[in-house]
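When reading the values below, keep in mind they use all heavy atoms of this one structure, side chains included, and skip hydrogens, waters and symmetry mates.
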Amino acid sequence: MSITILGIESSCDDTSAAVIRDGLLLSNVIASQSVHEEYGGVVPELASRAHQQNIVPVVSAALKRAGVDKSELSAIAFTRGPGLLGSLLVGTSFAKGMSLGLRIPIVDVNHLHGHVLSHFIRRNPDDEVPEYPFLTLLISGGNSQLIMVKNYNDMEILGATIDDAAGEAFDKCAKVMGLPYPGGPHIDRLATEGDAMRFKFAKPHIPGLDYSFSGLKTSFLYTLRDNLKENPDFIDANRADLAASLQRTIIEILIDKLNKAVKQTGVKTVAIGGGVSANSGVRNAVAAYCEKNGLKAFIPERAFTTDNAAMVAIAGYYKYLDKIFCGYDEVPFARVTV
């Protein structure tokens, strides 16, 4: 008998639903929220209201595209956290209500686990997935972590950011350059046109495998401040070079710690995940590093780097196989570690 999982993701500002049957992806629908652009960041109250508007049509679209009737669902997987509490409440409440109506179980998914397990999303039965154990560099707006993945439910954080995450460094530096939110994609685009060696920014010296990006952000800000005193048009005249130099510095920080983790663990497989893994410079750098060191690299499709329900559905699928279900008394959580 087939196992069909509906996944629901509502942790931040994307409402998403996906359908997976026997481990294969049938649909993945995402509704993004443009309302936050004028504020330069996600406004939690507006996000939760948009989720309320989007969740029914998004789930309906996912089922329709998958060619699946709701009566065929085996379970509903939903993001329980971490994320914005109001946004999570919308997805959690919807999943519980639909579960009760259909009399099928619900499976709660850790959002970060979903990003790690995005490499197990298959469109075809012969699609390659990582073999355990493998090392994941999880990089997003809120998290920069090195995670040893021993199984779908057995993960160990080897290192994490002690302040800003890589995505925050991209977005905050983009903001002071006058770029629209979210700034990461704009930095990525400009970096292809600039000289990555033009500017030098501070790199933190943090022991072990932990990350820090606050010093880099401050160094970038001071570079702008000092040069604007001499030339009010400094940013406009050097925007591409600034973006390229910033991106190079962030990538060097990421790869340096990744290399240390590989040497410490002796892993042969490296994966990346999270929103920043959509960055072309990061993708190319990790692929080149793995090729140079004889490692197997797993770089996710860009569709699976941002918040999406396909990763929630595949994480829920593995929990369903082990009969790990969620009670109706469980509530969302805003913060957690893997």
Side-chain angles (χ1 to χ4, degrees), residues 4-21 25-70 73 76-99 101 106-112 114-115 117-118 121 123 140-142 167 171 180-186 273-278 300-316 332 334:
T4 307
I5 307 293
L6 170 67
I8 295 174
E9 156 62 22
S10 68
S11 65
C12 190
D13 61 337
D14 288 331
T15 312
S16 182
V19 178
I20 281 181
R21 173 168 284 168
L25 181 65
L26 301 184
S27 68
N28 186 40
V29 177
I30 303 173
S32 298
Q33 302 174 5
S34 58
V35 66
H36 307 285
E37 292 175 6
E38 62 181 291
Y39 298 99
V42 177
V43 182
E45 177 63 24
L46 294 179
S48 59
R49 290 181 185 181
H51 283 302
Q52 289 178 317
Q53 295 173 338
N54 291 337
I55 194 161
V56 172
V58 165
V59 169
S60 297
L63 291 170
K64 185 176 180 180
R65 292 184 192 180
V68 170
D69 187 84
K70 60 181 181 294
L73 295 175
I76 301 168
F78 67 97
T79 301
R80 190 175 156 210
L84 301 175
L85 204 53
S87 295
L88 291 165
L89 277 166
V90 176
T92 301
S93 301
F94 184 90
K96 289 179 179 179
M98 192 171 184
S99 158
I106 48 174
V107 182
D108 61 318
V109 172
N110 182 314
H111 180 78
L112 304 182
H115 277 304
L117 297 175
S118 63
I121 301 168
R123 298 185 187 274
S140 66
D171 286 341
Y181 173 86
H186 296 285
V276 179
S277 65
E301 289 183 34
R302 280 190 167 87
F304 303 142
T305 59
T306 53
D307 296 344
N308 66 91
M311 68 183 192
V312 177
I314 194 66

Query - Heavy-atom neighbours of Lys96 NZ exceed 12 at 6.0 Å - result: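 Yes, the 6.0 Å shell around NZ holds more than 12 heavy atoms from other groups.
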Is a side-chain N or O of [X] found less than 3.5 angstrom from the main chain of [Y], in a donor-acceptor match?
X	Y	answer
Ser93	Val90	no
His51	Ser11	no
Thr305	Arg302	yes
Asp13	Ala47	no
Ser27	Ala62	yes
Ser10	Ser87	yes
Asp171	Gly183	yes
Asn308	Met311	yes
Ser16	Val29	yes
Asn28	Ala310	yes

Smallest separation among heavy atoms of [X] and [Y], with atom names:
X	Y	result
Pro82	Asn110	CD-OD1, 3.7 Å
Gly273	Ser277	C-OG, 3.4 Å
Thr92	Pro332	OG1-CG, 3.5 Å
Ala18	Leu25	CB-CD1, 4.3 Å
Gly316	Ala77	CA-CB, 3.8 Å

Within a strict 4.5 Å, meaning less than it, do heavy atoms of the [X] and [Y] side chains meet?
X	Y	value
Val68	Leu26	yes
Phe94	Val56	yes
Ile76	Ile8	yes
Ile5	Val19	no

Out of curiosity, [X] [atom1] to [Y] [atom2], how far, rounded to the nearest 0.5 Å?
X	Y	atom1	atom2	value
Ile121	Ile20	CD1	CD1	6.0 Å
Leu117	Leu112	CG	CG	11.0 Å
Leu73	Leu63	CG	CG	5.5 Å
Thr4	Lys70	OG1	NZ	14.5 Å

**Report entry** Evaluation steps, side-chain contact (heavy atoms from CB on, under 4.5 Å), between Asp108 and Phe78
**Finding:** CA-CA 5 Å; Asp108 61 318; Phe78 67 97; 3.7 Å; yes
Requested in this report: Ignoring hydrogens and angles, state whether a donor on the side chain of His111 or Asp307 is under 3.5 Å from an acceptor on the partner side chain.
Outcome: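 Yes, Asp307 and His111 have a side-chain donor paired with an acceptor closer than 3.5 Å.
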Report task. Would you check, one step at a time, whether the test side-chain contact (heavy atoms from CB on, under 4.5 Å) holds for Glu9 with Val109? Result -> CA-CA 9 Å; Glu9 156 62 22; Val109 172; over 6 Å; no
